[in-house]
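Only one structure is covered here, and it is reproduced in the block below.
As the structure lists them, so they are numbered: ligands from 1, and atoms in each ligand from 1.
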Amino acid sequence: MDENQRMRLTLTRPVSPSIARCELTHLGRAPIDLARAEAQHAAYEQALRSLGCHVVRVAGAADLPDAVFVEDTAVVLDEVAVITRPGAASRRPEIGPVAEALARYRELRWIVEPGTLEGGDVLCAGRTLFVGRSSRSNDAGIRQLSDHVSPFGYTVVPVSVRDCLHLKSAVTLAAPDTFLLQPAWVARGWFGAAAVIDVDPQETFAANALLAGDGVIYPAAFPRTRERLEAHGVRVLTVDVSELAKAEGAVTCCSLVFQEVDPGSA
Ligand code: CIR
């Protein structure tokens with residue numbers, strides 16, 4: 001089936017009422033306004049719909065503070081979904097309901113002990129998966145991911161990152177052939193001859209954009225980098241994610257975007 005005829009799905013999960021107890025690695029704790037976070041999340045889902053995504057919500061989890069950051073629980077490719085084993089132990093109970101939801105769309109594979117992997121460390125560009133070696137994703141997890149996906153023709157490239165939570169804090173795709181990158185956190189050499197847009201030096205956390213369809217969802221907090229994206233012809237939909245950012249989340253982490261696949265064709 002033609003890619004354009006397939007439904008684009010996105011899995012999301014509600015903001016947990018316990019989000020104030022979220023994991024934090026590089027940020028200090030700041031009060032999070034739950035009602036505002038929920039409203040921001042609803043606007044984010046609406047932005048996904050406006051880019052042609054059908055939003056599938058996984059049930060909320062009141063006792064799992066970081067459940068909204070569903071990206072970290074799986075890596076979804078056309079052929080298979082790999083359920084992760086988050087490096088943050090508090091996040092491991094998040095995976096069950098996500099796996100259950102994804103089983104409707106994909107065959108599942110699993111990262112197991114001693115591997116750890118979080119989806120925020122996995123950047124899929126065509127048939128290459130760049131994977132951050134971070135405090136959340138270890139070499140055993142990266143090897144297991146490679147074993148799961150290489151039969152389908154994917155190459156896994158481990159990437160060193162520094163001073164940030166995940167690889168996708170430091171680099172994401174702004175277009176299928178264009179990276180948006182924070183050069184302080186990841187070296188652009190990993191990405192070969194591909195086009196690279198650097199974030200504006202005044203906007204430290206600006207490298208996380210969510211590519212969905214023909215546009216990106218992007219935080220309103222980074223207008224200078226937004227200008228750079230638009231100057232490269234990228235269609236940008238801005239969302240205010242200020243409350244989720246206090247939990248060290250950004251725009252990719254609140255969804256898993258994938259194409260519906262005819263089970264007979266995968
Ligand atoms: C955590 O530290 O695990 C959460 N507070 C934030 C996770 C953000 N995830 C992501 O960017 N992929």
Sorted by chain and number, sequence neighbours left out, side chain to side chain donor-acceptor pair (under 3.5 Å) with Arg92 holds for none
So does Lys246 pair up with Glu243, basic N to acidic O under 4.0 Å?
-> yes
Can we say Asp147 and Arg109 salt-bridge, meaning some charged N sits less than 4.0 Å from an Asp/Glu carboxylate O?
-> no
Pair Glu94-Thr73, side-chain donor/acceptor within less than 3.5 Å | no
For Ala247, take its heavy atoms, then give the atoms of ligand 1 lying under 4.0 Å from any of them.
-> 4 (C), 5 (N), 6 (C)
Winner among Glu94, Glu248, Arg136, Glu118 once heavy atoms are compared against atom 3 (O) of ligand 1 | Arg136
Going by the order shown, which atoms of ligand 1 are within less than 4.0 Å of some heavy atom of Gly120?
-> 12 (N)
Closest candidate by heavy atom, reference atom 7 (C) of ligand 1, pool Lys246, Arg21, Arg91, Glu23 = Arg91
Answer with yes or no whether the side chains of Asn208 and Thr252 bring together a donor and an acceptor at under 3.5 Å.
-> yes
Any Ala88 heavy atom less than 4.0 Å to ligand 1 | no
Could a heavy atom of Thr25 be found less than 4.0 Å from some atom of ligand 1?
-> no
Which residue holds the protein heavy atom closest to atom 10 (C) of ligand 1, what is that atom called, and what is the gap in Å?
-> Cys253 CB, 2.9 Å
Counting only pairs under 3.5 Å, give me each side-chain donor-acceptor contact of residues 150-157, with atom names and distances, residues two or more places apart or in other chains.
residue	atom	partner	partner atom	Å
Ser150	OG	Ser146	O	2.9
Tyr154	OH	Glu79	OE1	2.7
Tyr154	OH	Glu79	OE2	3.4

Atom indices of ligand 1, in the order listed, that fall short of 4.0 Å to a heavy atom of Glu71 | 10 (C), 12 (N)
Going by the atom numbers of ligand 1, which of them fall below 4.0 Å from some non-hydrogen atom of His166?
-> 9 (N), 10 (C), 11 (O), 12 (N)
Under 4.0 angstrom from ligand 1, any heavy atom of Asp66?
-> yes
Test item: Leu145 and Val131 side chains (from C-beta on) under 4.5 Å apart, heavy atoms = yes
With distance as the sole criterion, is a donor-acceptor pair present between the side chains of Gln40 and Ser242 under 3.5 Å?
-> yes
Of all the non-hydrogen atoms in the protein, which one sits nearest to atom 9 (N) of ligand 1, and at what distance?
-> Asp72 OD2, 2.8 Å
